[in-house]
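Here is the structure we will look at, set down as structure tokens.
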2 protein chains.
Amino acid sequence: MKLTTRGRYAVTAMMDLALHAKLNRITLAAIAGRQNISLSYLEQLFRSLRNAGLIKSVRGAKGGYMLARSEKEISLADILIAADEHINLTCGGGSTCNDADPCLTHSLWTNLSQEFFEFLDSKKLSDLVRSRHVQTMATQQDVTSIGDIPIHISSKIG
Amino acid sequence: MKLTTRGRYAVTAMMDLALHAKLNRITLAAIAGRQNISLSYLEQLFRSLRNAGLIKSVRGAKGGYMLARSEKEISLADILIAADEHINLTCGGGSTCNDADPCLTHSLWTNLSQEFFEFLDSKKLSDLVRSRHVQTMATQQDVTSIGDIPIHISSKIG
DNA sequence: TGAAACCTGAGTAAAATACTCAGGAATAGA
DNA sequence: TCTATTCCTGAGTATTTTACTCAGGTTTCA
């Protein structure tokens with residue numbers, strides 16, 4: 001019952017995109033620098049986000065990423081599912097349980113999964129980036145940056 | 001973002017206790033048989049549940065387990081936390097984030113964690129065992145059992 | 001006393017996670 | 001057309017977590 005770093009990075013990266021990509025394309029290197037995430041790992045992650053249709057990309061020099069749809073139309077559920085490929089709260093199914101011969105908690109997990117999904121789906125990217133704390137952080141990141149590489153983050157561990 | 005089998009087993013076992021332990025102590029062997037869970041694994045799991053104060057045990061012959069408090073006072077959150085030791089939806093903290101120098105999504109995860117906890121805490125064991133499907137299953141398990149070992153489950157994989 | 005049950009610590013195979021790496025393909029601008 | 005920039009892809013790998021097993025101990029009832 002925990003979130004993987006993959007899921008966390010995905011949300012962080014999407015917030016970064018939403019905050020900084022008002023007009024321009026954003027490069028992975030910029031996000032990697034600002035959020036202190038390995039570039040290679042981000043590339044792998046953005047593959048998933050792109051396959052899920054959450055972001056668009058432009059190749060080549062001056063290329064980069066942007067949101068594929070409006071901030072209001074992207075939910076936490078969208079991002080986490082894209083990143084992890086599942087929000088798996090079910091009983092697992094497989095050999096020990098199926099619809100014909102369900103386990104004791106089968107319908108319980110099915111219902112919970114549904115409720116949890118609706119909970120995460122109600123949290124939109126637009127809500128997330130509107131919080132005061134996030135706005136403050138984003139501004140700091142812009143101010144202390146030289147080009148795309150922020151100074152104050154360089155002391156953190158990669 | 002998924003539930004481990006440990007968490008699933010914990011909930012299943014607690015439901016089993018709630019359904020069958022109206023008066024008597026229930027042995028681990030009985031639960032292991034009915035729910036098709038390895039006895040050794042259950043023992044390890046029940047250690048956690050007992051340390052968390054969710055169940056009481058009586059040693060020796062005729063011993064067994066029972067709920068430590070009323071079904072209404074045990075929530076899904078209680079069980080999952082006891083089993084997994086965390087419902088970890090936070091940003092992880094550690095070297096890349098702390099309260100003094102929080103990451104972009106720090107407060108986001110803190111808030112989400114809280115909301116998710118409240119969601120799970122609102123689901124009480126008494127609600128879970130009241131569902132029609134669970135009642136039906138539990139009755140079948142009693143009827144088809146010889147002693148404590150159910151027949152219709154024996155074909156499943158352990 | 002001995003069987004039935006809980007109790008404990010330690011170990012281990014398999015799976016998942018969190019990355020890295022090497023190189024290819026598209027595009028902008030010189 | 002060349003070169004730098006950027007996305008794109010497949011494959012590999014160390015570490016951590018999960019899901020379990022095992023060997024033996026302790027408590028209690030009859």
Side-chain angles (χ1 to χ4, degrees), chain A residues 1-10 12-13 17 21 24-33 35-52 55-66 68 80 83-86 88 92 94-96 147-149 157-158, chain B residues 1-10 12-13 17 21 24-33 35-52 55-66 68 80 83-86 88 92 94-96 147-149 157-158:
Chain A
M1 182 60 65
K2 74 176 109 175
L3 188 70
T4 60
T5 55
R6 194 173 157 80
R8 253 189 297 128
Y9 282 174
T12 303
L17 262 192
N24 307 331
R25 298 159 186 167
I26 303 294
T27 67
L28 274 194
I31 299 178
Q35 309 305 339
N36 199 38
I37 303 173
S38 131
L39 179 59
S40 297
Y41 198 38
L42 264 191
E43 283 183 336
Q44 197 195 61
L45 186 52
F46 269 55
R47 223 185 288 189
S48 302
L49 297 176
R50 192 166 148 281
N51 289 339
I55 55 180
K56 283 185 298 192
S57 61
V58 178
R59 281 180 154 201
K62 303 280 179 186
Y65 290 95
M66 61 194 80
L80 292 174
D84 267 336
E85 284 162 26
H86 42 233
N88 194 354
S95 52
T96 54
D148 282 335
I149 310 298
I157 292 171
Chain B
M1 182 61 63
K2 70 177 107 175
L3 188 70
T4 59
T5 55
R6 195 172 157 81
R8 253 190 295 127
Y9 282 173
T12 304
L17 262 192
N24 308 329
R25 298 158 187 166
I26 302 295
T27 68
L28 275 193
I31 299 178
Q35 309 304 340
N36 200 39
I37 303 173
S38 133
L39 179 58
S40 297
Y41 199 38
L42 264 191
E43 284 184 334
Q44 196 195 62
L45 186 53
F46 268 56
R47 223 185 288 189
S48 303
L49 298 177
R50 194 165 145 281
N51 289 339
I55 55 179
K56 282 184 299 191
S57 61
V58 177
R59 282 180 152 204
K62 303 282 178 186
Y65 288 95
M66 62 194 77
L80 292 175
D84 267 336
E85 285 162 27
H86 43 234
N88 193 355
S95 53
T96 54
D148 282 334
I149 309 299
I157 292 172

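Just so it is clear: chains get the letters A, B, ... in the order the sequence lines come, proteins before strands, and each one is counted from 1.
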Exercise for the section: Determine the contact category for A/Y65: base if any of its heavy atoms lies under 4.0 Å from a base atom, sugar-phosphate if only primed atoms, P, OP1 or OP2 are that close, otherwise nothing. Expected result: sugar-phosphate
What distance do [X] atom [atom1] and [Y] atom [atom2] have between them, rounded to the nearest 0.5 Å?
X: B/I26; Y: B/I55; atom1: CD1; atom2: CD1; answer: 12.0 Å
X: B/I31; Y: B/F46; atom1: CD1; atom2: CZ; answer: 4.0 Å
X: B/K56; Y: B/L49; atom1: NZ; atom2: CG; answer: 15.0 Å

Fill in the blank from the handout: The contact string for nucleotides 22-30 of chain C, one letter per nucleotide 5' to 3', using protein heavy atoms under 4.0 Å with B, S and - for base, sugar-phosphate only and none, comes out as --BSBBS--
Problem - Heavy-atom pair of closest approach, residues A/G7 and A/A83 - result: CA-CB, 4.3 Å
Once you round it to whole Å, what is the distance between [atom2] of [N] and [atom1] of [X]?
X: B/R6; N: D/dT17; atom1: CZ; atom2: C1'; value: 12 Å
X: B/K56; N: C/dC7; atom1: NZ; atom2: P; value: 13 Å
X: A/Y41; N: C/dT17; atom1: OH; atom2: P; value: 9 Å
X: A/N51; N: D/dC7; atom1: CG; atom2: P; value: 15 Å
X: A/L42; N: D/dT6; atom1: CG; atom2: C1'; value: 14 Å
X: A/L3; N: C/dT17; atom1: CG; atom2: C1'; value: 13 Å
X: A/I37; N: C/dT20; atom1: CD1; atom2: P; value: 12 Å
X: A/F46; N: D/dT9; atom1: CZ; atom2: P; value: 14 Å

Exercise for the section: Using only side-chain N and O atoms of A/Y9, determine if any of them is under 4.0 Å from OP1 or OP2 of C/dC19. Expected result: yes
Exercise for the section: Kindly say if B/T4 contacts the phosphate of D/dT18, meaning a side-chain N or O under 4.0 Å from OP1 or OP2. Expected result: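 Checking B/T4 against D/dT18: no side-chain N or O falls below 4.0 Å of OP1 or OP2.
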Problem - Contact check, side chains of B/Q44 and B/Y41, non-hydrogen atoms, under 4.5 Å - result: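 B/Q44 reaches B/Y41 side chain to side chain.
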Of all the nucleotides listed ([options]), which has the minimum atom distance to the side chain of [X]?
X: A/R47; options: C/dG11, D/dT9, C/dT20; answer: D/dT9
X: B/R50; options: C/dT17, C/dG11, C/dT8; answer: C/dT8
X: B/S57; options: C/dC19, D/dA19, C/dC6; answer: C/dC6

Practice task
Quick one: list whatever passes side-chain hydrogen bond (donor to acceptor under 3.5 Å, both in side chains) with B/R50, sequence neighbours left out.
Solution key: B/S57
Practice task
Would you check if the side chain of A/R6 reaches a backbone N or O of A/L45 as a donor-acceptor pair within less than 3.5 Å?
Solution key: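 Absent.
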